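So the structure is just underneath, and the comments pick up after that.
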Amino acid sequence: MLAQQALSTLTVPSPTTGRYPAGLLQEGQPFTVVNAYTWFWTDPGSFRALTARADAGGVWAQVTVTPTALSFTPGDGAATVSCPGPGVAWQPGDGVWAASPAGCDYRYPHSSIRQPDGQVTATYGIQWSVTWTSSTGATGTLPDLTTTSNATFAVAEVQSVVIR
């Protein structure tokens, strides 16, 4: 009970919704690109262990919540993709069409033109394991947690013209 009480005092963060490609269409709608590696990541500062302690009658329990994976449900009906860390934010030096070195990426096979409002809603999730220790020497686990955030964007088909 003390571990549950300690857990209730923690504010376990939801993921931020970093993504690349992440441009804007003419209408101002965010987008990614068909068949490109769409990188996903969360703020590394939110992907860290948290602890809290609760005391009662000279006994205490400390709970530790540890992130174990970042997940990305692409919103196009495909299965969830996950990676073991927070992912890495794309930088121009990474190359426009490169896969994420952290493995946090997904390739949309089709445009979102037939989706509601021409967009997909992706769900980002951080999975958290929960363990506890007590001043009595007892230890244990509580059910895992998942915090989520959503991002809505179009999946656009693009064509390029090479001029020499």
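Not measured: the values here are computed from a predicted model.
Here the side chains of Val12 and Leu145 are in contact, with some heavy-atom distance below 4.5 Å. Between Trp39 and Arg19, every side-chain heavy-atom pair lies at or beyond the 4.5 Å cut-off. You'll find the side chain of Leu7 reaches within 4.5 Å of the side chain of Leu142, heavy atoms only.
Evaluation of the disulfide (SG to SG under 2.5 Å) test over residues 36-94, restricted to residues two or more places apart or in two chains, returns Cys83-Cys104. Applying the disulfide (SG to SG under 2.5 Å) definition to pairs two or more places apart or across chains, none involves residues 32-76.
Remark: Thr136 pairs with Ser134 by the side-chain hydrogen bond (donor to acceptor under 3.5 Å, both in side chains) rule, at least two apart or across chains. Partners of Phe72 by ring pair (Phe, Tyr, Trp, His ring centres under 6.0 Å), not counting sequence neighbours, listed by chain and number: Phe40, Tyr124. Taking Asn35 as the reference, Arg107 meet the side-chain hydrogen bond (donor to acceptor under 3.5 Å, both in side chains) condition, with sequence neighbours excluded. Residues forming a side-chain hydrogen bond (donor to acceptor under 3.5 Å, both in side chains) with Gln115 (at least two apart in sequence, or on another chain): none. For the side-chain hydrogen bond (donor to acceptor under 3.5 Å, both in side chains) test, residues two or more places apart in sequence or in another chain that qualify with Thr147 are Trp128. For Gln127, the side chain to side chain contact (heavy atoms under 4.5 Å, CB included) partners at least two apart in sequence or on another chain are Thr68, Ala69, Ser71, Thr146. Applying the ring pair (Phe, Tyr, Trp, His ring centres under 6.0 Å) rule to Tyr20 yields the partners Trp90; only residues at least two apart in sequence or on another chain are considered.
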What side-chain donor-acceptor pairs closer than 3.5 Å can you find for residues 116-123, not counting sequence neighbours?
unit_1	atom_1	unit_2	atom_2	d
Gln119	OE1	Gln29	NE2	3.2
Thr121	OG1	Thr152	OG1	2.9
Thr123	OG1	Asn150	OD1	2.8

Side-chain donor-acceptor distances from residues 43-53 under 3.5 Å, at least two apart:
unit_1	atom_1	unit_2	atom_2	d
Asp43	OD1	Gly45	N	3.0
Ser46	OG	Asp43	O	2.8
Arg48	NE	Gly45	O	3.1
Arg53	NH2	Gln62	OE1	3.3

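Side-chain atoms of Asp105 do not come within 3.5 Å of backbone N or O of Ala99 as any donor-acceptor pair.
Annotation for Leu2: hydrophobic cluster partners, listed by chain and number, are Val59 (ILVMFWY side-chain heavy atoms under 4.5 Å, direct or chained).
By the neighbour-count criterion of 12 heavy atoms within 6.0 Å, atom CG of Leu24 is densely surrounded, having more than that number from other residues, nucleotides or ligands.
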